[in-house]
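Inspection log for the structure reproduced underneath, given as structure tokens.
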Amino acid sequence: MTTRLDQPREIRRTIVPRPHYDAESFGRLSERFARFLGTARFLVYMTVFIVVWIGWNFLAPHFLRWDPYPFIFLTLILSLQASYAAPLILLAQNRQDDRDRVQYEQDRSRNERTIADTEYITREIAGLRVALSEVVTRDFLRSELQQILRELDAKDQHPTLS
């Protein structure tokens, strides 16, 4: 059996089943999280959290402090938060890029249809102009009739010429 690159591999049976998650709901959650991280509310909450943390660990009695100077536990918490925030933000950006790509393709397709319609209408108008140039206009018909009337008047005045 040859393996094709455009086909997914067969699922391998494993002893321990792989955890399954809904990628769409996880993506939506990551977008909500990334949207929240980009707000002033998050910055205020984070600033209040850090100020309270540092204030408590400076001002509280020694037996109530949980993270004395140099704040190793606070550093660990902030690193952990950043290590989860970065991939979630990247996932949200990738999903946005995918939506932008789909929107771009739809816009391009709509643009191509509009150009095709415009070219069709232009050809139709050009055809109508050509057809109208061959149609007798009122002024041309009037001038021809006046010419015939002059010729008839000239014949009436000179009956011997005919």
Side-chain angles (χ1 to χ4, degrees), residues 1-61 64-142:
M1 178 172 131
T2 62
T3 58
R4 294 181 52 180
L5 294 177
D6 63 341
Q7 298 291 324
R9 292 182 179 174
E10 291 183 22
I11 299 175
R12 296 181 184 164
R13 304 257 180 218
T14 60
I15 296 172
V16 178
R18 296 176 94 182
H20 178 69
Y21 66 96
D22 183 16
E24 187 62 28
S25 61
F26 188 76
R28 283 193 303 269
L29 176 70
S30 70
E31 286 175 344
R32 287 179 52 208
F33 185 75
R35 206 171 295 123
F36 174 69
L37 286 179
T39 62
R41 178 183 293 172
F42 172 76
L43 292 175
V44 169
Y45 289 165
M46 196 60 144
T47 303
V48 168
F49 175 78
I50 291 172
V51 166
V52 168
W53 185 285
I54 292 172
W56 179 263
N57 284 293
F58 264 138
L59 303 174
L64 291 178
R65 296 180 189 175
W66 62 80
D67 191 17
Y69 180 82
F71 304 114
I72 301 297
F73 191 50
L74 176 63
T75 305
L76 177 67
I77 288 174
L78 292 176
S79 297
L80 185 65
Q81 184 265 338
S83 69
Y84 275 97
L88 289 175
I89 291 169
L90 286 174
L91 177 63
Q93 286 177 341
N94 289 340
R95 287 173 51 87
Q96 184 62 44
D97 288 344
D98 292 341
R99 280 194 298 273
D100 291 344
R101 190 176 309 112
V102 168
Q103 183 66 39
Y104 170 74
E105 289 297 324
Q106 289 174 349
D107 289 347
R108 202 173 113 232
S109 170
R110 190 177 308 118
N111 211 10
E112 288 173 356
R113 284 194 309 267
T114 303
I115 289 171
D117 290 345
T118 304
E119 288 174 352
Y120 172 76
I121 290 171
T122 303
R123 284 191 302 273
E124 288 295 314
I125 290 173
L128 286 173
R129 284 183 177 165
V130 168
L132 282 177
S133 68
E134 296 172 2
V135 173
V136 176
T137 62
R138 184 175 25 197
D139 294 337
F140 177 75
L141 185 61
R142 191 174 287 144

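For this chain, numbers begin at 1 and follow the sequence in order.
Between Asp100 and Gln96, some side-chain heavy-atom pair lies under the 4.5 Å cut-off. Asn57 is not listed as a side-chain neighbour of Leu74, based on a closest heavy-atom distance of 4.5 Å or more. For the pair Glu105 and Val102, the minimum side-chain heavy-atom distance is 4.5 Å or more. Between Asp22 and Phe26, the closest side-chain pair of non-hydrogen atoms is not below 4.5 Å.
Heavy atoms of other residues, nucleotides or ligands lying less than 6.0 angstrom from CZ of Phe36 number more than 12. When the shell of 6.0 Å around CZ of Arg138 is examined, it contains 12 or fewer heavy atoms from other residues, nucleotides or ligands.
Between the side chains of Asp107 and Gln103, at least one donor N or O sits under 3.5 Å from an acceptor N or O.
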side-chain contact (heavy atoms from CB on, under 4.5 Å) evaluation trace for Leu37 with Phe33: CA-CA 6 Å; Leu37 286 179; Phe33 185 75; 3.3 Å; yes

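Minimum heavy-atom separation, Arg101 to Asp98: NH1-OD1, 2.8 Å. The heavy-atom pair separating Ala92 from Ala34 by the smallest distance is CB-CB, 3.8 Å.
In this structure, Ile54 CD1 and Phe49 CZ are separated by 10.0 Å, a value rounded to the nearest 0.5 Å. Interatomic distance, CG of Asn111 versus OG1 of Thr118, reported as 9.0 Å (0.5 Å rounding). The distance from atom CG of Leu76 to atom CZ of Phe71, rounded to the nearest 0.5 Å, is 14.5 Å. To the nearest 0.5 Å, the span separating OG1 on Thr122 from CD1 on Ile115 amounts to 11.5 Å. Glu31 CD to Gln93 CD: the interatomic distance, rounded to the nearest 0.5 Å, is 11.0 Å. Interatomic distance, CG of Leu80 versus CD1 of Ile77, reported as 8.0 Å (0.5 Å rounding).
Listed for the Trp56 side chain is no donor-acceptor partner under 3.5 Å among the backbone atoms of Asp67. Between the Ser79 side chain and the Thr75 main chain, a donor and an acceptor come within less than 3.5 Å of each other. When atom types are taken as modelled, the side chain of Ser109 and the backbone of Gln106 share no donor-acceptor pair closer than 3.5 angstrom. Arg65 places a side-chain N or O within 3.5 Å of a backbone atom of Phe58 that can act as its donor or acceptor partner.
Checked against the 6.0 Å centroid criterion, the rings of Trp53 and Phe73 qualify as a close aromatic pair.
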